[in-house]
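The figures here come from the full heavy-atom set of this structure, side chains too, leaving out hydrogens, waters and symmetry mates.
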Amino acid sequence: MTAAVETAQTTTIHGDRVSLLRVLGPAHVWALGVGIVLVGEFTGWNFAADKGGALAALIVCWIVGLLYTSVAMIDSEVTSTVAAAGGQYAQAKHIVGPLMAFNVALFLVFAYTMLEVSDAILLGDTIVAKAGVEGLTHNSFIAATIVVLAWLNYRGVLMTLNVNFVITAIAYISIVILFFSVSPWTQGAVLKLNELVTPGNALPYGWIGVIAAFQFGIWYYLGIEGTTQAAEEVRSPARSLPYGTMAGMITLLIAAAMTWYVCASLMPWEYLGITYYPLWDAGKLTGSPLLENLLFIATLLSALASANGCINDAARAWFSLGRDRYLPSWFSAVHPKYRTPYRSILFLLPIALAFAFIADLNQAITFSILSGVLQYTFMSINIMMFRKKWPLGTIRRGYTHPFHPLPAIVLFCLCMVTFFAIFLGFGSQLIAMTVFYFLISLWFHFYRYKFVRRGDQFSMPWPKPQGY
């Protein structure tokens, strides 16, 4: 790409400052969203079976799918209109206010960083399990994963998401291959769902088990909202963001259904609920070395794709905080050659490494889910305020989600159920995170807010809100 073309494709929101490049299309948006999420089909979702049984894992698959469909529709409308880096943070600062925006950005950074940590731990543990070498630990694999992917993100968003598209597609295709390799249309030939999920064990803990399963049902789709972090780097936000996000959600709904069906039909729920490698184990249980190795490789690729996308998204959120002076403006620097928020990428690198070495997989997943659900709760409020302040017809929208306000109401109610589910299993972590966000909000209000230039942070040429 020539320098002239690169200059033409930079964003102009911040004048002559070196800016992020608009080089991404709908496929890159899909690769970012699905790439972050797909690892949840390879591990994480199955812990829902431990909470409530195999049938509970299926119930929450579809109910949480409704939650995330609402997220995708709401996000597509607001982000195709507020096309700026930071995603939900950019939405919050335009629609709600600085304190909410600051907290939402922290939700994003924490959710993506802890998900990145989970991915790195999973990748390291998977390699160690495959190698079977006594004394081999996952630490070196974790460090190499995080450092190499941070370097890739440092070098440019187009290369990063091109890589993500390829490895995500391979991981997804492996699920499809596994599904069609076990004769899914002929129960009893390979799959034994009727034997493994019976009336006596379908819901071993009753409906309270279904509610408890919500916590890990989130893992089927956690991170699809990450597509919005690319808003300032796509060529046509009004087109690419809704298409990429909604296509990604459809992709994940299909993958989740296939994954549950195969795994629940090959292993008892007692084992399914505790294994870290449900799809890899499913490949082993087919008796095919080819499928076993394919699913092993796909598990690694899904973890790489997710961690790669998480580094991208966390850095954009942190970069946006610096650009608007919610944090020191030092973090808002864009690399003059690679056009990436390189200081934010480098700053978050040791933080991710530190958490990766002190947290276990369950803790990392739980902290990521908690921050994600806090963010989704905000989104249900945000869209109501957005429609009230700027009704349809007052500003140009790239996409208008249907059935308003039903998706917002459904999203809010399901978030409340998920909080209750998290409280049942990880009440102390929920309380600790609530206290953390409360204290950091006090710090922002009494100290950092004085540095914020509110007039400079608004990039959308909208009319005054209704009623003002």
Side-chain angles (χ1 to χ4, degrees), residues 1-3 5-11 19-39 42 79 83 85 87 112 115-116 119-120 123 144-176 223-237 239-252 255 297-316 319 334-342 344-346 348-349:
M1 181 180 294
T2 65
V5 173
E6 287 184 345
T7 302
Q9 290 179 326
T10 59
T11 59
S19 303
L20 305 176
L21 285 173
R22 289 199 183 277
V23 292
L24 305 178
H28 298 105
V29 176
W30 178 92
L32 180 59
V34 177
I36 290 175
V37 181
L38 195 62
V39 68
F42 287 85
T79 308
Y112 292 129
L115 181 51
E116 173 196 347
D119 296 328
L123 185 141
T145 298
I146 293 175
V147 170
V148 170
L149 292 179
W151 172 82
L152 183 63
N153 276 268
Y154 183 98
R155 292 295 299 269
V157 68
L158 184 61
M159 179 172 64
T160 297
L161 294 186
N162 280 337
V163 170
N164 243 43
F165 181 83
V166 173
I167 62 179
T168 301
I170 294 171
Y172 189 87
I173 291 170
S174 75
I175 299 177
V176 177
I224 185 61
E225 73 283 354
T227 56
T228 62
Q229 298 300 318
E232 203 168 310
E233 295 166 277
V234 294
R235 291 186 293 269
S236 175
R239 171 180 173 270
S240 298
L241 289 170
Y243 282 178
T245 302
M246 298 307 292
M249 193 62 218
I250 293 168
T251 301
L252 292 168
I297 293 170
T299 301
L300 299 183
L301 292 180
S302 69
L304 284 171
S306 181
N308 197 28
C310 286
I311 293 170
N312 178 92
D313 285 359
R316 268 65 185 173
F319 157 82
V334 175
H335 196 284
K337 179 179 179 181
Y338 303 123
R339 301 296 179 86
T340 55
Y342 69 105
S344 294
I345 293 170
L346 295 176
L348 294 173
L349 172 60

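Atoms CD1 and CZ, from Ile175 and Phe42 in turn, are 4.0 Å apart once rounded to the nearest 0.5 Å. With rounding to the nearest 0.5 angstrom, the CD1 atom of Ile311 is 9.5 Å from the CG atom of Leu348. Considering CD1 of Ile345 and CG of Leu149, their distance stands at 11.5 Å, rounded to 0.5 Å. With rounding to the nearest 0.5 Å, the separation of CD in Gln229 from OG1 in Thr79 is 8.5 Å. Taking CD1 of Ile36 as the reference point, atom CG of Asn312 lies at 7.5 Å (rounded to 0.5 Å). How far CG of Asn164 is from OG of Ser306: 8.5 Å, rounded to the nearest 0.5 Å.
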Exercise for the section: Give the intermediate values and the outcome of ring pair (Phe, Tyr, Trp, His ring centres under 6.0 Å) for residues Trp30 and Phe165. Expected result: CA-CA 8 Å; Trp30 178 92; Phe165 181 83; 5.6 Å; yes
Exercise for the section: Go through Val29 and Tyr243 one step at a time and tell me if the side-chain contact (heavy atoms from CB on, under 4.5 Å) criterion holds. Expected result: CA-CA 8 Å; Val29 176; Tyr243 282 178; over 6 Å; no
Handout entry: Evaluation steps, side-chain contact (heavy atoms from CB on, under 4.5 Å), between Leu24 and Ser240
Key = CA-CA 8 Å; Leu24 305 178; Ser240 298; over 6 Å; no
Problem - Trace of the side-chain contact (heavy atoms from CB on, under 4.5 Å) decision for Leu32 with Asp313 - result: CA-CA 9 Å; Leu32 180 59; Asp313 285 359; 3.6 Å; yes
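A pairwise comparison of heavy atoms in Ile224 and Val37 identifies N-CG2, 3.2 Å as the closest pair. Closest of all the heavy-atom pairs between Ala171 and Leu301 is CB-CB, 4.5 Å. When every heavy atom of Asp119 is checked against every heavy atom of Cys310, the shortest pair comes out as OD2-SG, 4.2 Å. Looking at every heavy atom in both residues, Leu38 comes nearest to Tyr172 through CD2-N, 3.6 Å.
A salt bridge (Lys or Arg N to Asp or Glu O under 4.0 Å) with Glu233 holds for exactly one of Arg22, Arg339, Arg316; it is Arg316.
When atom types are taken as modelled, the side chain of Ser302 and the backbone of Thr299 share a donor-acceptor pair closer than 3.5 angstrom. Within the 3.5 Å criterion, the main-chain N or O of Gly226 finds a donor-acceptor partner in the side chain of Tyr112.
A heavy-atom distance below 4.5 Å is not found between the side chains of Leu304 and Asn308. Looking at Ser19 and Val334, their side chains never come closer than 4.5 Å, going by heavy atoms from C-beta outward.
Other residues, nucleotides and ligands place more than 12 heavy atoms under 6.0 Å from the OH atom of Tyr342.
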Donor-acceptor pairs under 3.5 angstrom involving side-chain atoms of residues 154-162: please list them, not counting sequence neighbours.
from, atom 1, to, atom 2, distance (Å)
Tyr154, OH, His335, NE2, 3.4
Arg155, NE, Tyr338, OH, 3.1
Thr160, OG1, Leu152, O, 3.1
Thr160, OG1, Gly156, O, 2.7
Asn162, OD1, His28, NE2, 2.9
Asn162, ND2, Leu158, O, 3.2

